[in-house]
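Since the structure is predicted, the reported quantities are computational estimates derived from the model, not experimental observations.
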Amino acid sequence: MKIVHPRRIVGSNAERTRLHNRQVVLGHVRERQPIGRAEIARISGLSTQAVSNIIAELEEDGFIVEAGRQSAGRGLPVLQYRLNGDGAAALGIEVRPDAMFGALVNLAGETLFTTREALPKNDPKTVADVARRIRTVALHGRNAEKQDILGAGVVMPGPFGKVGISGAGQTALHGWEETDPVALFENALDMAVVVENDATAAAVAERVRGVASGLRTFCFIYFGAGLGLGVVNDGEVQRGAFGNAGEIGHVIVTPGGRQCACGNKGCLETYASRISVRSKLACAGVEIGSATDIEKLYEAGNPHLMAWIGEAAGPLSQAIGMIENLFDPETVILGGAMPDEVLDHLIRALHLPGGSVAAREGRVSPRVQRGACGRLTAALGGAALVIHDTITPRIAAKT
């Protein structure tokens, strides 16, 4: 399975410029609403006439609406605009080895619908069938069929492609080696599809509607079955050459340490992940099947779970220090398929290294914090990716 991200705007220079300018205007409306045409022109560098034309087009499409008038001194009050959250929506689907999650999110980032479907097998045909069912349930009965659906963001665990850490352990999806996932999901869902790894999608979700709102450079450590890292730098997600940037779970934190399914010893994933907590509890005769099971154990003060938190804090602290020095983020966010209470406890247990570029005075954001999007972060992130691509301009679009 190889993921290609053909996200650069294609066509003539005029077509690329037109769509880029549309994204520029939408982006400023979203970030500064309510806002008038003259102010958009001033901060974007576009002419007032160009902004007026784009505003008229966006109004006709239902993406923005008038938001009253604001007095600007002499002359007529200035007409303001805001994003129309109900003007469009996007579908997000997360594929995990044992379950699939769906979410419908509107243009303002508000969640309209969520669902969970058990996954008896995770081969392409079964996954496509469940995705089709999620689409049907999400769109029917919610007036979504009358709403502009921008597309779907499908989120899958990495790594993508045949690499040295693929196809092993509890995070693997089986039978996908010769499958083009974009084509498969576009056929199943009958709409444009973006496929992304789960940690990157989760990072985008937090930027659109979570604790990273307003931040431009941050990192997100995602607890799926394994452990992933989403990186947003200056507002752009970082994917790597083959979509595999952020495989933090397979960074070795203890040379010669615990055996990992990838073949390495001492991977972070063997100490701080749902795989590792499941293994720790299984050794004590406690079986878990979901994050809800972990939550109940935490509420009961299970000593084996508490011991896991203590053991995970050290390697995770080491990895966070490395992330800080590599990416210089405004903050590092923890989230995903792990109960909020466990993540909060884990954050309190961290011993972050002082030798880090993040250890500075006058911080606005904490070095580490929990995300706000909960266990459906990646599914919400799938939808958020589509919205992000609709609203956020890219430098490549202008070339």
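- For Glu330, there are no salt bridge (charged side-chain N to carboxylate O under 4.0 Å, His left out) partners, not counting sequence neighbours.
- Put simply, the side chain of Trp308 never gets that close to the backbone of Ser279: no donor and acceptor are under 3.5 Å apart.
- The main-chain N or O of Cys373 is found under 3.5 Å from a side-chain atom of Glu206 such that the two form a donor-acceptor pair.
- With hydrogens and angles disregarded, no donor-acceptor distance shorter than 3.5 Å links the side chain of Ser356 to the backbone of Pro353.
- More than 12 heavy atoms of other shown residues, nucleotides or ligands fall within 6.0 angstrom of atom CD in Glu299.
- His345 and Tyr298 have perpendicular rings, their planes meeting at more than 60° on a 0 to 90° scale where under 30° would count as parallel.
- For Ser290, there are no side-chain hydrogen bond (donor to acceptor under 3.5 Å, both in side chains) partners, not counting sequence neighbours.
- Evaluation of the side-chain hydrogen bond (donor to acceptor under 3.5 Å, both in side chains) rule for Glu295 yields Arg375 as partners, not counting sequence neighbours.
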*List the steps and the verdict of salt bridge (charged side-chain N to carboxylate O under 4.0 Å, His left out) for Arg18 and Glu57.*
CA-CA 11 Å; Arg18 174 180 168 276; Glu57 180 182 296; 3.2 Å; yes
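- A side-chain donor-acceptor contact under 3.5 Å links Thr270 to the backbone of Cys267.
- Shown here are the salt bridge (charged side-chain N to carboxylate O under 4.0 Å, His left out) partners of Arg363, two or more places apart in sequence or in another chain: there are none.
- Not one N or O on the side chain of Ser365 forms a donor-acceptor pair closer than 3.5 Å with the backbone of Thr331.
- Not a single side-chain hydrogen bond (donor to acceptor under 3.5 Å, both in side chains) links Arg116 to another residue, sequence neighbours left out.
- When atom types are taken as modelled, the side chain of Thr200 and the backbone of Gly230 share no donor-acceptor pair closer than 3.5 angstrom.
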For residues 26-40, please give each side-chain donor-acceptor pair under 3.5 Å, one per line with the distance, not counting sequence neighbours.
unit_1 : atom_1 : unit_2 : atom_2 : d
Arg30  : NH2    : Val208 : O      : 3.0
Gln33  : OE1    : Leu83  : N      : 2.7
Gln33  : NE2    : Arg30  : O      : 3.3

